[in-house]
Structures are given as structure tokens and as C-alpha cells.
Asks: 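Here it is: the structure, laid out below.
Naming: A, B, ... by sequence-line order, numbering from 1 per chain.
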Amino acid sequence: MPELPEVETTRCGIAALLTGQKVARVVVREWRLRWRVSRALVRELPGQTFRRVARRAKYLLLATDAGTVILHLGMSGSLRVVPADTAPAAHDHIDIVFADGRCLRLRDPRRFGALLWTRTEPQLHKLLRALGPEPLGTDFDADYFYARTRRRKVALRDFLMNARIVAGVGNIYANEAAFLAGLRPQRRVGRLTRAECERVVTAVRETLQQAIAAGGTTLRDFQNANGLPGYFQLQLYVYGRAREPCRRCGTPIKAVRLGQRAGFFCPRCQS
DNA sequence: AGAGGTACCTGGCAGC
DNA sequence: TGCTGCCAGGTACCTC
């Protein structure tokens, strides 16, 4: 579920609630996430105080003096802060219990998420080291994007979903950004002109900013830290809208198979 | 180096 | 109603 805007929405929701909280204990009801939940985390996090909550790509970074919790929501994860004695529902796998009696609760039905622990600078962690620039940061610009696309044959949609190129863009926003840029998701990036690359960069930033402002996209079950859905699905131009009229021109939106995942575009607005 | 496929897992839905 | 097959927001890892 969560792409960058949903993770950012979650980060905003939990940052104030977490910062300054001392951890009393960690309750693990299910160890088997994407990777086994870090035993070192369960051992070393109690007694620590959360100093800040940052984000890199789709990873949440919960920093303490002893180390950093690296948390990924996978496809179906969500976080809430609730009283620690609240009965856990199905798929509520982890509680990080605070000294004040509340806890940060991770729910993740598909268990594609991750809960890891690093004692060093999190950016050096294997999972974060090779990530491309943040799409909303200054490193992601037309020069960079144009240079990286040269001699590449992959479809624009897949290129945007490549975390080594740009971090945090998933299928929804890759398709939406392609629409805003006026380019079909199946376009081979190596043939994009410099001007088209500039449009893509602008479109990616625009799409993500709008989505963050709307609290993310809730297709099925995404909820923010307060248990509320996002609203960006109401503004989607193409994603999941096959055969529905384009919001710009009324032409039916088309779905294409790109690799293993669906792509969506307006045959009139995108070339 | 790059492209493409596979694997991990559960739940919802369409179709029969 | 109940079964089956397909699809899903991610991404590391494998092979070619």
C-alpha cells in the first residue's frame, strides 16, 4: 500500500507522538515479516528514548541514542499509537510499548514489511546505501534524470519505480506522474528528450506533493497514524481507472500490462 | 550493466 | 454459498 506519500503521512502522524518517548518493552506477536524481526532491536531498544522520526524513501527511521529502528510498511503495513492495553486485532504483529502506557503498533497483513535495527548511521545500512535521490530533494533534477535515462530501454513507469534511480515512487504515483508529464508509461526512457525528462521530474514532484497534502492514497486499507484514510484516490487521473473517462478530456483510460503490473494512461493526453 | 522474472504473504474480488 | 484463480500499494535477489 504505502508509497512515499503514505509513509510521509505516517511519519507526520507519529513524529510528535514518538519523539521524547522512552521505550519500556517491545512485544513481538509475529517475528516473520519480510525478514525476521531484529532480535537485537528487541534486546536493545527498551530503555532508549526516541529522538526523532525521519524518512528515507519508504523507510521510516526512528532514531535513539543507541541506534535506529528501520521500519518498512511493505505493501500492507500501517502504524498507530494506541494504549498498550488495547486488544490487538488480527495482523497487529508488533508493539513498541512506551513508558507512558501507550504503544506504537504495527499492523501488516501481508507481512512484506520490515523491522530492523542498526547501531550505525542508518544511511550506511545495506538497504539504504544504494537508494537514489529523494524525489522531493534537490538532487532529483532534470540534469540527473536525463543523464540516467540515456541508453536505457526500460519503460518510464518501471524506471520511475526503480529505487536506485529515484526513491519512494511506486506503481500508483509512477502512473500518475507519467500522466501529468503527458507521456505514456510504456515509453522507453532512453528516447525521452531533455525537455520530456524535465516534465517528468516536475510531474513526479507535483504528484507526490499533492498526494502528501491529501494525506496519501487509500485504495483498500491504508490508514494514517490516527486510523484515518487518505484522500488522494479521489484525485487520481489514471491509476485504477481503466475504461473510465479521462478527467481532462473524457477519453476512456487504458490499461496496459507492463511486466507483472498494470499501467494506466489516457491515449489522448499522453504520447 | 541492464533487463526480466521470481519469491515472499494475505485478503479481496470476479467468475463459475 | 463456496470454490478457484487472479490481482494488489514493494523490493531483494536471481539468471540471462
Asks: Say you pick atom C1' in dA3(B) and the same atom in dG9(C); how far apart are they, in whole Å?
Replies: 23 Å
Asks: Quickly work out the Arg107(A) CZ to dC9(B) C1' distance and round it to whole Å.
Replies: 17 Å
Asks: Please report, rounded to the nearest Å, how far the C1' atom of dG9(C) is from the CG atom of Leu4(A).
Replies: 13 Å
Asks: Tell me, yes or no, whether the heavy-atom count around Arg32(A) atom CZ, taken from other residues, nucleotides or ligands under 6.0 Å, exceeds 12.
Replies: no
Asks: Can you tell me the distance, in whole Å, between the CG atom of Leu33(A) and the C1' atom of dT10(B)?
Replies: 13 Å
Asks: Test Arg56(A) against every option in Glu8(A), Glu121(A), Glu134(A) by the salt bridge (charged side-chain N to carboxylate O under 4.0 Å, His left out) rule and name the one that passes.
Replies: Glu134(A)
Asks: Ring centroid separation for Phe232(A) and Tyr173(A), is it under 6.0 angstrom?
Replies: yes
Asks: Leu60(A) has an atom CG; how far is it from atom P of dG10(C), in whole Å?
Replies: 14 Å
Asks: Looking for any heavy atom pair under 4.0 Å, which part of the strands does Phe159(A) touch: base, sugar-phosphate only, or nothing?
Replies: nothing
Asks: For atom CZ of Arg52(A), decide whether the heavy atoms of other residues, nucleotides or ligands shown that lie under 6.0 angstrom number more than 12.
Replies: no
Asks: Take the protein atom CZ of Arg36(A) and the nucleotide atom C1' of dC8(B), then report the distance between them rounded to whole Å.
Replies: 16 Å
Asks: Calculate the interatomic distance between Lys153(A) atom NZ and dA3(B) atom C1'; express it in whole Å.
Replies: 9 Å
Asks: Tell me yes or no: between the side chains of Asn171(A) and Asn175(A), is some donor less than 3.5 Å from an acceptor?
Replies: yes
Asks: What I want to check is whether an N or O donor and acceptor connect the side chain of Arg152(A) with the base of dA3(B) at under 3.5 Å.
Replies: no
Asks: dC9(B) phosphate, OP1 or OP2: any side-chain N/O from His91(A) under 4.0 angstrom?
Replies: no
Asks: Return a single string for nucleotides 11-16 of chain C, one symbol per nucleotide in 5' to 3' order, where B is base contact, S is sugar-phosphate-only contact and - is none, cutoff 4.0 angstrom on heavy atoms.
Replies: BSS---
Asks: For dC9(B), which nucleotide in any strand shown is its Watson-Crick or wobble partner with both distances under 3.5 Å?
Replies: none
Asks: For the P atoms, the ones on dG5(B) and on dC7(C), what distance do you get once it is rounded to whole angstrom?
Replies: 14 Å
Asks: Have Tyr237(A) and Arg241(A) got a donor and an acceptor in their side chains that come within less than 3.5 Å?
Replies: no
Asks: Hunt down the Watson-Crick or G-U wobble partner of dG9(C), both distances under 3.5 Å, from any strand shown, or write none.
Replies: none
Asks: Does Arg110(A) get its side chain close enough to the base of dC9(B), under 3.5 Å, for a donor-acceptor pair?
Replies: yes
Asks: Between Asp95(A) and Arg102(A), does any side-chain N to carboxylate O distance fall below 4.0 Å?
Replies: no
Asks: Please tell me which of the listed nucleotides, dC9(B), dG11(B), dA3(B), lies nearest to the side chain of Pro109(A)?
Replies: dG11(B)
Asks: How long is the line joining CZ of Arg188(A) and P of dG2(B), in whole Å?
Replies: 15 Å
Asks: Please give, in whole Å, the distance from dA8(C) C1' to Arg257(A) CZ?
Replies: 10 Å
